[in-house]
Amino acid sequence: MRKALYLSALCAALLLAITQIGAASGTFDTHFTDATLRVDYYHSGDAKSEAITIGRLYRSAPWAGSITNLIDPMNLGKYCIKVSDPASGTLLFSRYFNTIFEEYQTTEAALGGKMKTYEESVLIPFPRRPVTLSFESRQKDQSMKEVMKTVIDPADTHISSYSPDPSVEVIALSEAGDPHTRVDFSIIAEGYTEKEREKFIADAKKVTAALFTQEPFASTRERFTIRALFKASPESGCDEPDFAIFRRTPLGCSFDSLGSERYLLTERNERLHDIASIAPYDTLAILVNTKRYGGGGIYNHYATCISDSQWTNYVFIHELGHSFAGLGDEYYTSKVEYTDFYPLDREPLTPNITALLDVKNLKWKDLVTAGTKIPTPWDKEHYDKNDMRYQDIRDRIYQKLAEAKRNRASRDEIEKIEREQSQLSWKSYTQAQAILAADRGQGKVGAFEGAGYQVKGLYRPMLDCIMFSKGEKPFCRVCQDIIRKRILFLSE
């Protein structure tokens with residue numbers, strides 16, 4: 001029954017997307033002007049409740065997105081915003097996205113009834129006349145439920161139109177093009193002081209170069225406009241609450257987000273978009289000036305990456321997989337604070353993870369290597385033993401480092417522990433790569449058990465992928481396919 005319901009819902013969603021794309025074709029100049037309406041709102045609730053209330057509206061120019069692809073056909077993400085004509089109900093624009101709030105809903109605090117509010121924003125083309133803006137939230141059966149609806153009148157005198165922040169500097173990292181036919185990508189400085197401006201530019205160039213060694217980014221490079229945005233920080237670095245370290249920075253980025261020591265996010269959403277508004281943007285990445293390992297990525301929101309780790313390039317590309325294309329984490333041994341993030345009794349929408357509830361209709365079945373068994377055998381036991389041993393030692397070193405920093409130990413002592421941490425990480429990486437390289441499943445597309453923070457019951461497309469393990473390695477073929485579709489959607 002679950003399989004039938006899932007396939008029925010999927011077919012209905014595809015049919016609706018095709019119908020809506022047809023209905024919205026040629027409507028941009030009729031319904032929108034070449035400007036952006038930023039809608040700031042507040043997302044509140046706990047595990048069992050949620051509420052959305054509108055904050056402020058901002059107008060800026062131009063509109064960064066496509067003027068032909070107005071309806072989002074990918075059906076990824078828990079939430080969707082829809083812009084409709086109030087009189088006819090015709091859908092004019094839509095975008096799917098994820099939020100920090102939905103991740104919070106899966107934590108112990110939210111399950112215990114603790115309410116929390118997050119700042120969030122959506123961007124839509126600026127309407128010529130009043131439109132209906134609605135927010136929809138995905139339910140357990142994958143259907144969408146409306147949680148808030150309002151009418152926006154472009155003549156409303158409360159719509160703000162501020163000049164861009166003059167303290168934000170724009171540094172071109174690639175040749176600019178028409179924002180309607182380019183993916184406009186801004187890399188934003190966090191925790192870089194005025195004296196560290198040149199370091200930020202060098203760091204931004206480094207991760208940009210790394211990105212374009214990866215497919216499908218490499219073969220579609222001409223479809224991107226890359227900018228670095230620099231706003232000097234009063235202090236260098238970012239918040240590290242577990243180490244009792246706090247810094248005054250433009251975006252307030254912090255480790256220990258949602259209780260995970262390596263999860264690096266900002267909850268200062270309005271600040272982020274105020275800085276970003278100096279240039280057109282489809283996607284954002286925050287480059288945080290720290291050598292500590294960590295990062296984060298929220299689909300159609302932003303990605304974060306650390307600047308000075310041996311894993312910086314990997315983190316940057318991995319987190320963009322989340323924020324740009326809605327890809328899920330394929331690893332499963334590292335600790336996370338989520339509870340039941342991917343319930344095993346229903347198929348995840350995440351395009352690179354499956355619960356394999358319907359073996360014959362695997363979501364990436366067209367890419368499966370001929371003759372490959374589903375599920376696909378691999379030396380999982382060997383890999384798991386090696387990785388769990390690493391996780392145990394890693395946790396002990398982390399606790400030692402945290403204690404040393406909280407107790408204000410000497411720089412020499414702290415640097416010694418950090419070197420130990422770095423050496424362990426590299427040793428584990430080389431051991432894991434050797435295990436994967438020797439595995440019989442190497443290079444095949446199939447369904448490999450272990451994904452989405454679950455040791456059993458969830459499957460990934462290939463043995464290895466940059467969404468699965470650390471290192472400068474390619475996206476698997478399934479992930480590449482999803483990213484390419486996203487690039488084309490934004491740039492045509």
(request) Dump the intermediate steps for salt bridge (Lys or Arg N to Asp or Glu O under 4.0 Å) on Asp481 and Arg477, then the final yes or no. (result) CA-CA 6 Å; Asp481 185 59; Arg477 293 171 209 167; over 6 Å; no

(request) Check step by step if side chain to side chain donor-acceptor pair (under 3.5 Å) holds for Glu120 and Tyr41. (result) CA-CA 5 Å; Glu120 297 171 1; Tyr41 64 96; 2.6 Å; yes

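Under 4.0 Å is where a charged nitrogen must lie from a carboxylate oxygen, and between Lys82 and Glu146 no such pair does. Salt bridge status for Asp40 with Arg38: present, with a side-chain N to carboxylate O gap under 4.0 Å. A salt bridge is absent between Arg268 and Glu119; no separation between the charged side-chain nitrogens and carboxylate oxygens falls under 4.0 Å. Taking 4.0 Å as the cut-off between side-chain N and carboxylate O, Glu215 and Arg484 count as a salt-bridged pair. Ionic pairing of Lys116 and Glu267 is present here: one or more N-O contacts between side-chain nitrogen and carboxylate oxygen are shorter than 4.0 angstrom. For the pair Arg182 and Asp178, the salt-bridge criterion is not met [side-chain N within less than 4.0 Å of a carboxylate O]. Ion pairing between a basic and an acidic side chain is recognised when a charged N comes within 4.0 Å of a carboxylate O; Asp46 and Lys114 show no such pairing.
Cation-pi geometry between Lys470 and Tyr293 is satisfied (NZ or CZ under 6.0 Å from the ring centre, within 45° of the ring normal). A cation-pi arrangement is absent between Arg262 and Trp311, since the terminal nitrogen or guanidinium carbon is not both under 6.0 Å from the aromatic centre and inside a 45° cone about the axis. For the pair Arg460 and Phe468, the cation sits on the ring face: its NZ or CZ lies under 6.0 Å from the ring centre, inside 45° of the axis.
Under the side chain to side chain donor-acceptor pair (under 3.5 Å) criterion, Glu240 pairs with Arg292, not counting sequence neighbours. Residues forming a ring pair (Phe, Tyr, Trp, His ring centres under 6.0 Å) with Tyr79 (at least two apart in sequence, or on another chain): His43, Phe97. Remark: Tyr302 engages no residue in a ring pair (Phe, Tyr, Trp, His ring centres under 6.0 Å) (not counting sequence neighbours). Evaluation of the ring pair (Phe, Tyr, Trp, His ring centres under 6.0 Å) rule for Phe212 yields Phe224 as partners, not counting sequence neighbours. In this structure, Gln442 has no side chain to side chain donor-acceptor pair (under 3.5 Å) partners at least two apart in sequence or on a different chain.
Relative orientation of the Phe32 and Phe28 rings is tilted, given thresholds of 30° and 60° on the angle between their planes. Taking the six-membered ring for Trp and thresholds of 30 and 60 degrees, Tyr331 and His318 have nearly parallel ring planes, at less than 30 degrees apart.
Screening residues 367-376 for side chain to side chain donor-acceptor pair (under 3.5 Å), with sequence neighbours left out, gives no hits.
Inspection of the Gln433 and Lys473 side chains reveals an N or O donor paired with an N or O acceptor under 3.5 Å. If you check the side chains of Ser137 and Glu50, you find a donor sitting under 3.5 Å from an acceptor.
Atom CD of Gln139 is surrounded by more than 12 heavy atoms from other residues, nucleotides or ligands within 6.0 Å.
Not a single donor-acceptor pair under 3.5 Å links the side chain of Ser186 to the backbone N or O of Leu284.
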